[in-house]
Amino acid sequence: GLKQSTMIIGVPKEIKSNENRVALTPAGALELTKRGHQVYVQSTAGVGSGFTNENYISAGAKILNSIEEIYHIADMIIKVKEPIESEYKLIKKDQLLFTYFHFASYEPLTNAMIQSGAVCLAYETVELPDRSLPLLIPMSEVAGRMAIQEGAKYLEKPQKGKGILLGGVPGVPPAKVLVLGGGVVGTQAAKMAAGLGAQVTLMDISLNRLRYLADVMPANVHTMFSNELTIRELVRSHDLIVGAVLIPGAKAPSLVTRDMLSTMHPGTVLVDVAIDQGGCIETSKPTTHDDPIYIIDEVVHYCVANMPGAVPYTSTVALTNATLPYAIQLADKGWRKACSENKSLM
């Protein structure tokens, strides 16, 4: 048969604040180089995730020093986060960019990408026939589990929380955790909170989903149908509230409104995992790992926009496990053919 054409794949170092992930592991680089593709990795791009330049070199990749060189040489750029302003001018016409974009939440980025003439393929919009989002799922799993870890920490008094131990101890009741949304994030959050011994209420608007969750969740997780009145009631008695609602490709709805804060106990903790898509808590605004919380009406808000960036080893491996098969198809076939043969990419 015809020798398949080689593609030059560029992996830049992430430059968004506190983003320690990398879009390709050395294992992933090897899968691409052994198929005849060329992989160029920006120097130290993997260090935050525990991968050295040498790890990449031994996997057949080449190291380039600057981000400019990476964008200049690559047919396809594989990233983790959307390009930020300093990268816009580096992107070439017809270059394929495979990364998270979250276009719905940032218009300047959308316009810049249209003007660049690049081919933008967003991880979060790759969709399987059952409507699941395979490249968002691993990060949602990480974020859902982390939401409880962070929530537990900010319930501590020195962190301005209520001073409650999530699981309680014998003779003292556990904390009450409210999880809004029974998708991947909410399921993992509920599972983690339950594992730590909390009393968990898991809400969703799909009865089918709630039936499934009621079957698989441990006994300390209760499912409830989600509506405004019930949310209004429950936020008054719960210690930790996790916002885990996402509508694919659209802004998240505001389920916890400004006026509900005054009904909560001081030191209640809100973790808004949907902040990447605008957040599902009205008073949410994106924060960073450097400065993760702020307080309104004595209620602690944790709204870190890239939560999985704090556990980059786990996140990077989880993400590349999911993206690599698609990256290989794009490299082997070119984006046009790959998209016409794979409905999820299309």
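Once rounded to the nearest 0.5 Å, the distance linking NE2 of His265 with NZ of Lys162 reads 5.0 Å.
Within a 6.0 Å sphere centred on NE2 of His72, heavy atoms belonging to other residues, nucleotides or ligands number 12 at most. Atom CD1 of Ile205 has 12 or fewer neighbouring heavy atoms from other residues, nucleotides or ligands inside a 6.0 Å radius.
Annotation: Tyr123 is in aromatic contact with Phe98 [ring centroid separation under 6.0 Å].
Using modelled atom types, one finds a donor on one side chain and an acceptor on the other under 3.5 Å when comparing Ser66 with Glu69. Checked by atom type, the side-chain pair Tyr40/Gln38 shows a donor-acceptor distance below 3.5 Å. Under 3.5 Å, the side chains of Lys92 and Ser116 contain no donor-acceptor pair of N or O atoms. For the residue pair Thr283 / His301, a side-chain donor-acceptor distance below 3.5 Å is found, with atom types taken as modelled. Residues Asp204 and Ser206 have side chains that never bring a donor and an acceptor to within less than 3.5 angstrom of each other. A donor and an acceptor atom, one from each side chain of Thr187 and Arg209, are located under 3.5 Å apart.
Phe225 is not listed as a side-chain neighbour of Thr230, based on a closest heavy-atom distance of 4.5 Å or more. At least one side-chain heavy atom of Tyr88 sits less than 4.5 Å from a side-chain heavy atom of Met113. Counting only heavy atoms from C-beta outward, the side chains of Glu82 and Tyr106 never approach each other to under 4.5 Å. By the 4.5 Å heavy-atom criterion applied to side chains, Leu96 and Ile77 are not counted as neighbours. Contact annotation: the side chain of Ile231 approaches that of Leu180 to within less than 4.5 Å [non-hydrogen atoms, C-beta and beyond].
The stretch residues 284-310 participates, sequence neighbours left out, in these salt bridge (Lys or Arg N to Asp or Glu O under 4.0 Å) pairs: Arg258-Asp297.
Only one option out of Lys333, Lys337, Gln329 pairs with Asn342 in a side chain to side chain donor-acceptor pair (under 3.5 Å); it is Gln329.
In this structure Tyr154 satisfies the side chain to side chain donor-acceptor pair (under 3.5 Å) test with no other residue, sequence neighbours excluded.
Cluster note: Leu165 groups with Val169, Val172 through ILVMFWY side-chain heavy atoms spaced under 4.5 Å, whether in direct contact or through intervening members.
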